[in-house]
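Comments concern the structure below.
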Amino acid sequence: MAAAANPVPWQMNLGKGATTVSREIWDLHMAALWVCVALGVIVFGAMFIAIFRFRRSKGAVAATWSHNTLLEVCWTIVPILILVGLALPATLLTRKLYNTSGAQMTVKVTGYQWLWRYDYISYEGKPVTGVKPIFSRLAWNSNAARQLDSGINPDSIVSRDGYHDYLLNVTHPLVIPAGVKVRFLITGGDVIHGWWVPDFAAKRDAIPGIMNDAWAKVDKPGIYRGQCYVLCGQDHSAMPVVVKVVPRDQFNAWLSAQEQPATLDRAARTAQVGPRKPAPAKG
Amino acid sequence: MSSTAQAVHHEEHHQSFFERWFMSTNHKDIGTLYLSFSFLMLFVGGSFAMLIRAELFEPGLQLMQPYFFNELTGMHGLVMIFGVIMPSFVGLANWMIPMQIGAPDMALPRLNNLSFWILPFAFVLLLSTFFMPGGAPAAGWTMYPPLVLQGGESIAFMIFAIHLMGISSILGSINIIATILNLRAPGLDLLKMPMFCWSWLITSFLVIAVMPVLAGAVTMMLFDRFFGTNFFNAAGGGDPVMYQHVFWFFGHPEVYIMILPAFGVISEIVPTFSRKPLFGYKAMVYAIACIAFLSFIVWSHHMFTVGLPLGAEVFFMYSTMLIAVPTGVKIFNWVTTMWRGSLSFEVPMLWAIAFIVLFTIGGFSGVMMALVPADFQYNQTYFIVAHFHYVLVGGALFSIIGAVYYWLPKWSGRMYSNFWAKLHFWSSVISVNVLFFPQHFLGLAGMPRRIPDYNVAFADWNMVSSIGGFWFGATQLIFVGVVIHCVFFSKQKAAARVWEHAYGLEWTLPSPAPHHSFTVPPVIDDSQLAHGDVSH
Amino acid sequence: MSQPDANVYYVPHKSRWPIIATIGMFMFMLGAANWLNGHDTAGQVILAAGALTIIGMMVGWFGNVIRESMKGTFNSQVDTSFRMGMTWFIFSEVFFFAAFFGALFYIRTFTVPWLGGMGDKGALTNGFIWQGFSATWPTNGPDAVGGSFISTSPWGIPLINTLLLLSSSVTVTIAHHALRAGKRKPLIGFLGLTILLGATFLGLQAHEYWESYVHLNMTLHSGIYGATFYILTGFHGLHVTLGTIMLIVMWLRCARGHFNREHHFAFEAVAWYWHFVDVIWLCLFLFVYIL
Ligand code: HEA
Ligand code: HEA
Ligand code: CUA
Ligand SMILES: [Cu+2]
């Protein structure tokens, strides 16, 4: 299974990602970028022309005017128009990002110091029963290499598909089906974390005691990687998000193999994630 | 000069070191204290940054445990913001505002001394936390609960240090407002004031309005930690996100507190070396006022991913984008001031030009982040680190350095070495881009901020950035050399009007400026005002 | 009394008070931080030393300014500077309280309804994390932190306190008019009455706190209600305390005849402060007690 669009050396731009939304965001990003480049060319261009043409050393004599109402009105209005042009698609896209309706699957994501827990809540309109939660920790080889003065070269951490996955691999990834709109319910178990897979453009803070949601519909099977993005303590850099997207039939088979008697389900659904008072720090 | 002035001069010679620097009521001495303090803090915060860049030089942990890295990151931010940028702007205000408005001193000179001396003590409290059980606060400069509440003994010290800094900057700003509104020489109407004074008048207002809000936020944190309240705990009906709203209600105006005085400085420098009045003076004033107003209604753009309601996302996106308009007015007006001028490129002008370019680049990435969907990909990545260093280092810090090069001859009465100052400039302006531009790429590739270690895909640009960082840091040692040489060793005397086309009351005073700037109100001659043309 | 020259700027001499003030504040904070961290004795000693230094500094600094003022050192420009200083100080205080009011509004408009299941976000939050909790106010949250409690009725002590503070604003204004009219007796009397009203307010509030803690189980631990209640009323009470002390100082100075009909800025500053405290209380009464 090919890795989708994980970061590569010398990468300079956003990846297009693997969902329609992520591609639309990429388009918006590029539009905004080009607008900025164009404005930059105009502003800096004008300034550098001034710098080269109106030098005293070349005998330039200063004009004395110091205002021009028409000009000032123009450069107030034109930026507003440009901004409106950017704001419109951005607004429509924001609504899309927020529209979790019609999801065929729901997964609850809980961030802990320092691992992710995934609970399957429902699939194809039915509650999922008896599937054990997935605990997703940093992969052991990365964990060994990341210790201070471990002597292990991070470059030597390579996954089966040849990707150098140092700090971007976990013990048990989240598994979801391809081509299905999945809704992620995101919350935190102790402090605030952040669940993000760049290729999905699915990103929300995992806040203890509050539930957020995001969604993704990934068409292409593959392994998608992201990281916890909200500072959550000493191992903030060591809680990657890895999602394995598999073909739908394969997922169905996997899921039914997992399913067990219904009793466990309630425990998963009601798993208490609310914070109690933060533990007093150890000296 | 009148006999009062002589009496004052007399006093100056008879004071001991302690009296002069610890009991001062003199705006120049206090300004010098502020500037020296922030200079020192630049090196403290800068050395944290060097450690950060050293650890990030390559993947894997080489130098420190992750927890210590987090301490460094948060303290770097706090020191740079509260210890470098804010105090140095207050120092400039202290030095220049009385001279620019024809006053003898600040309106409340004793309070002025208090405002300054709180700062070193506040930083003793803050920095001492490095040596405490549990270490320094390690939750970033934004200090989000619940994480910050996991800290050790440092929390109380950090909170009280922030209270002290808040008191200091509020008192400082009250003083600046009172000085500008009350001590202007007769005939110096508000709309004839130099832009630097205008920018500070509005900045002071922001400071007085938002520093107490920060105090409120950290006070709630104090109560949650020590007195068993549940402000930020959902189990008790509170909300960690509520902290973020209160914090950013302070935090966003805070970033404009760090840039508006910079706008003021640039509006002084550009007309001087363009030999042409500032273009659109009034528009410049209104733009600052407009930015200040808008800064109160954009705070949630720092929280686009916390799960705000859709309506809020859209509102804060629009209000944030709107700020680009008045800011654009400022950029366009500076460029137009240069247009058809008679430009020369002395050192302060070089920094001003670099400011315009670098700040605009930072502003552009700001506008990109204002787009909610796009920010979902940028949020909490190095793209943001790049954004705010462009506006804070390329913007605020560069304007401060430019201001020092602009006014140092007036302060010290001596000229600095042009060669070394130019070397400082060129080395800085190149290295700062090597340092921060690649961070855009890192962010876009998906590297989160506040991490000591990263995947190997991020290795190359991080190494480039670190090299730029060491280069930029080492370059600042030249700055130290230039300033020390100028103040203590330079033989080249500065004229009263240091720069050929420099207008404004400060240039009518001799260099170095007398101990008390104006003992009797000067007579205002419109043609002597910095921007020259006040009819529009 | 020699009149200062209006055409020459006034600049005070060197002063040792600012540096003493910062040392006092530093010790105060250092002591408090140590105490909070469980280093009780050291903390208390340093804190007390800091507090004493601050008090001494206040007496010294203000004494200094009073002497200068009575010598007629200040011209009207200095007077205006003082006024601006006080105005903007009060402005900053407004924003300090705004932070806590903002917290209260945010919690009541967003957080509690979400925890209780309102809207899409609330449905998730409540359904998956806090089942069974329904949004009410006052609340101590889904975990009923601090145990069940009873909140105080606005129509008892708080109402009396409202009336007390409102009338104290009136009496301080009467005193001010008396001062401007040069009538000593009503000045001393009404100012004294203001102090009495302020002190009574504080006494009643202390009683209310005691009642809440002992009989109603309404404490700082009582979830978000207790937290917002005590932080708002507590900081207000602290301001009333300060205001009352300031009024007492003014009373002493009036009794000593420090003020005349034109020059009494200190008195006015305290009166402004007192009105400010009064307005904050009205907001408290409305938003904390009634609504
Ligand atoms: C001096 C400090 C400073 C300044 C001036 C700014 C200016 C701006 N900032 Fe920045 N910002 C910070 C300091 C600053 N910022 C800091 C420190 C953070 C991170 C905090 C943290 O999390 O630790 C941050 C974070 C930050 C975020 C949050 C990102 C996130 O966390 O996800 C956003 C999002 O909207 C943002 C936007 C903006 C915008 C729109 C401006 C605008 O004001 C910029 C306006 C300027 C221009 C646009 C350029 C000139 C204009 C023209 C040439 C006109 C034409 C232009 C157009 C029509 C586009 N900033
Ligand atoms: C306000 C101004 C300000 C300034 C001026 C700077 C200046 C610098 N900053 Fe930073 N920075 C912030 C404000 C600022 N910063 C903030 C608010 C944050 C966010 C914190 C948070 O996440 O909470 C941040 C975060 C931040 C990060 C991200 C950390 C992380 O997310 O983990 C990085 C990483 O590269 C960084 C680097 C630098 C560098 C290299 C400089 C350089 O410009 C510094 C240059 C100056 C010196 C180096 C002077 C010292 C010189 C010497 C000591 C001489 C010896 C040196 C050599 C010989 C090399 N800063
Ligand atoms: Cu979990 Cu960062
Ligand atoms: Cu902002």
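Keep in mind the model is a prediction, meaning the values are calculated, not measured. Lettering follows sequence order; numbering is per chain, from 1.
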Chain B contact via [X] - which portion, at a heavy-atom distance below 4.5 Å:
| X | value |
| --- | --- |
| A/I51 | both |
| A/L33 | both |
| A/I25 | side chain |
| A/D165 | backbone |
| A/I192 | both |
| A/Q113 | side chain |

Under 4.5 Å from a heavy atom of chain A, the part of [X] involved:
| X | value |
| --- | --- |
| B/F458 | side chain |
| B/M64 | backbone |
| B/E500 | side chain |
| B/A138 | backbone |
| B/M317 | side chain |
| B/S274 | backbone |
| B/Q377 | both |
| B/V357 | both |
| B/D239 | side chain |
| B/P240 | side chain |
| B/I353 | both |
| B/E71 | neither |

Can you measure from CG (B/L310) to CG (A/N99) and round to the nearest 0.5 angstrom? 9.5 Å

Reported CZ-to-OG distance for the pair B/R450 and A/S237, which is rounded to 0.5 angstrom: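 Answer for the CZ-OG pair, B/R450 versus A/S237, is 13.5 Å.
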
Assign the ring pair A/F44 / B/F364 to parallel, tilted or perpendicular, where the plane angle (0 to 90°) is split at 30° and 60°.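 Rings of A/F44 and B/F364: tilted, as their planes differ by 30° to 60°.
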
Going by the angle between their ring planes, with limits at 30° and 60°, are B/F376 and A/Y98 parallel, tilted or perpendicular?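 Aromatic pair B/F376/A/Y98 classed perpendicular.
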
For A/G233, is there any backbone N or O sitting under 3.5 Å from a side-chain donor or acceptor partner on B/N70? yes

Taking the ring of A/H29 and the ring of B/Y378, is the distance between their centroids below 6.0 Å? yes

Can you list the residues that meet the ring pair (Phe, Tyr, Trp, His ring centres under 6.0 Å) rule with B/H387, with sequence neighbours excluded?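 By the ring pair (Phe, Tyr, Trp, His ring centres under 6.0 Å) rule, B/H387 matches no residue at all.
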
Can you list everything that forms a side chain to side chain donor-acceptor pair (under 3.5 Å) with B/W461? Sequence neighbours excluded, please. none

